[in-house]
2 protein chains.
Amino acid sequence: MKHLVRTSKNLGHAIREARKAKNMTQKELASMSGVWQETISKIENGSGGTKLETLFDLIAALDLEITVTERSKGASDGLEDIF
Amino acid sequence: MKHLVRTSKNLGHAIREARKAKNMTQKELASMSGVWQETISKIENGSGGTKLETLFDLIAALDLEITVTERSKGASDGLEDIF
DNA sequence: ACACGTTATGATCTAAAGGTCATATTGATT
DNA sequence: AATCAATATGACCTTTAGATCATAACGTGT
C-alpha cells in the first residue's frame, strides 16, 4: 500500500482504504483515534481543510506513516492510482 | 531527501530543510505558495493545527510530495532523522 | 556597533474545523 | 421489503488557523 497524496481527496482515499483493509468501521476508528466519526466521514470524502493534528491521529491509529520527499521526476515506483 | 513525518514538528523540519535546500527565503516561498510568511514561520516551527490545504500549497511550491504507506515494521530505509 | 535582510511575535478579524447531538441516507443481510 | 449497522448530512457553538499589518528579535556581513 502506497499512496501519493497531493489533495485532500487523495488523502481521504488513502485513509478509507487503510481503514477498510483493517476491517474497521468509522466508529471504531473514531474511538481508537479520538476523532469523531462524523469528522472521519468528511475527511474520507475529501473535505478540504482538515487539521494536521487530526490527520496524524488517524494515521497513527491506522498504523500508517507519512513521508515527505522530493518530487520524483519520472517513474512513480509502485504507487497506486491517484484520484 | 526523505522525511518520516509523524508530528507537526517533523513536518516543520522537512519544510524548512526543503526550503533551505532551494535557497529560498520564507518570503519567497510565501509569494510562490500563497501562504503568508508569518504562517510559514509558525509551520516551520511546528505549530500544530495547520490546515491540510496550507500544507499542500507549500508542498507543491517546494516540489515535494507526500506519500502515505503502511508503517514499516523494521528497516527505516534511507530515512533522515526524525526530530 | 550598525544596517539590512530574515524570521518570529503579537493583535485583530473573519472564516471555517471539529466537538456534539440528532437525524437522514445508504448498504447489507435475511 | 424490513431491519439493523454504517455513513453522511445538518445545525449549533466554541475555538482557532490564517489573512493582514506592525513590529520585535535575530543573523550576518562590513
Side-chain angles (χ1 to χ4, degrees), chain A residues 1 3 5-66 68 70 80-83, chain B residues 1 3 5-66 68 70 80-83:
Chain A
M1 206 276 264
H3 281 277
V5 171
R6 31 173 78 119
T7 70
S8 304
K9 250 188 167 26
N10 302 163
L11 213 245
H13 253 278
I15 299 279
R16 175 162 289 168
E17 296 242 315
R19 175 173 65 77
K20 294 241 139 138
K22 301 205 144 204
N23 268 84
M24 269 190 229
T25 101
Q26 290 184 347
K27 191 179 268 181
E28 288 171 318
L29 215 205
S31 70
M32 300 193 50
S33 63
V35 179
W36 254 236
Q37 177 267 314
E38 294 85 338
T39 302
I40 294 176
S41 169
K42 282 183 206 156
I43 291 174
E44 288 191 351
N45 286 300
S47 107
T50 312
K51 280 196 279 167
L52 277 179
E53 297 300 15
T54 306
L55 209 216
F56 291 137
D57 289 346
L58 293 178
I59 292 293
L62 287 168
D63 263 297
L64 300 176
E65 63 182 26
I66 294 180
V68 173
E70 280 142 4
E80 295 185 10
D81 289 343
I82 311 164
F83 302 90
Chain B
M1 207 278 265
H3 281 275
V5 170
R6 32 173 79 117
T7 69
S8 304
K9 255 196 163 17
N10 302 164
L11 214 247
H13 254 278
I15 300 279
R16 174 161 290 168
E17 296 242 317
R19 176 174 64 79
K20 294 241 142 141
K22 299 205 146 207
N23 269 83
M24 268 190 230
T25 101
Q26 290 183 347
K27 189 179 270 180
E28 287 171 321
L29 215 205
S31 70
M32 300 193 51
S33 62
V35 179
W36 254 236
Q37 176 267 313
E38 295 84 337
T39 302
I40 295 175
S41 168
K42 282 183 206 153
I43 292 173
E44 288 190 352
N45 287 299
S47 110
T50 312
K51 280 196 277 170
L52 276 179
E53 296 300 16
T54 306
L55 209 215
F56 291 137
D57 289 346
L58 292 179
I59 292 295
L62 286 168
D63 262 298
L64 299 176
E65 64 183 26
I66 294 180
V68 173
E70 284 141 2
E80 296 187 9
D81 291 343
I82 310 163
F83 301 89

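Lettering follows sequence order; numbering is per chain, from 1.
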Note, [X] side chain near [Y] side chain (heavy atom, < 4.5 Å):
| X | Y | result |
| --- | --- | --- |
| A:E17 | A:H3 | yes |
| A:I59 | A:I15 | yes |
| A:L52 | B:L52 | yes |
| A:N10 | B:V68 | no |
| B:L55 | B:K51 | no |

Which heavy-atom pair separates [X] from [Y] by the least distance, and what is that distance?
| X | Y | value |
| --- | --- | --- |
| A:F56 | B:T7 | CE1-C, 3.5 Å |
| A:E28 | A:T25 | OE1-N, 2.7 Å |
| A:M1 | A:A18 | CE-CB, 4.0 Å |
| A:L29 | A:A61 | CD2-CB, 3.8 Å |

* **Nearest to side-chain heavy atoms of B:W36, which nucleotide of D:dT20, D:dG18, C:dT20** =>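 For the B:W36 side chain, the nearest candidate turns out to be D:dT20.
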Over how many whole Å does the gap from [X] atom [atom1] to [N] atom [atom2] extend?
| X | N | atom1 | atom2 | answer |
| --- | --- | --- | --- | --- |
| A:L58 | C:dA17 | CG | C1' | 14 Å |
| B:N45 | D:dA17 | CG | C1' | 16 Å |
| B:K51 | C:dT14 | NZ | C1' | 11 Å |
| A:I40 | C:dG19 | CD1 | P | 9 Å |
| B:Q37 | C:dT7 | CD | P | 7 Å |

Kindly say if [X] contacts the phosphate of [N], meaning a side-chain N or O under 4.0 Å from OP1 or OP2.
| X | N | result |
| --- | --- | --- |
| A:S41 | D:dA8 | yes |
| B:T54 | D:dG18 | yes |
| B:R19 | C:dT6 | no |
| B:R16 | C:dT6 | no |

* To do: Determine to 10° how strongly the helix from C:dA1-D:dT30 to C:dT30-D:dA1 is bent, judged from the axes of its five-pair ends.
  =>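 Here the helix ends are tilted 60° relative to one another.
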* To do: Looking at every strand, decide which applies to B:E44 at a 4.0 Å heavy-atom threshold: base, sugar-phosphate, or nothing.
  =>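 Nothing, no heavy atom under 4.0 Å.
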* **Polar side-chain atom of B:N45 near backbone of B:K42 as donor-acceptor pair, under 3.5 Å** =>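 Flag not set: sc B:N45 to bb B:K42 has no pair under 3.5 Å.
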* To do: Measure from the side-chain N and O atoms of A:R19 to the backbone N and O of A:M24, and report whether any donor-acceptor pair falls under 3.5 Å.
  =>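 Pair found, side chain donor or acceptor close to backbone of A:M24.
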* Structure fact -> residues 31-41 of chain A vs side chain to side chain donor-acceptor pair (under 3.5 Å), sequence neighbours excluded, gives A:Q26-A:Q37
* Set of side chain to side chain donor-acceptor pair (under 3.5 Å) partners for B:K22, sequence neighbours left out -> B:D63
I'd like a table of atom pairs between the protein and nucleotides 25-30 of chain C - only N or O on both sides, under 3.5 Å - with the distance next to each one.
none

* To do: Treat primed atoms plus P, OP1 and OP2 as sugar-phosphate and everything else as base, then score nucleotides 10-15 of chain D 5' to 3': B for base contact with protein heavy atoms under 4.0 Å, S for sugar-phosphate contact only, - for none.
  => ------
* Heavy atom of residues 20-29 of chain A under 4.0 Å from DNA chain C: which residues? -> none
* **Verdict with supporting geometry, A:D57 and A:T54, side chain to side chain donor-acceptor pair (under 3.5 Å)** => CA-CA 5 Å; A:D57 289 346; A:T54 306; 5.5 Å; no
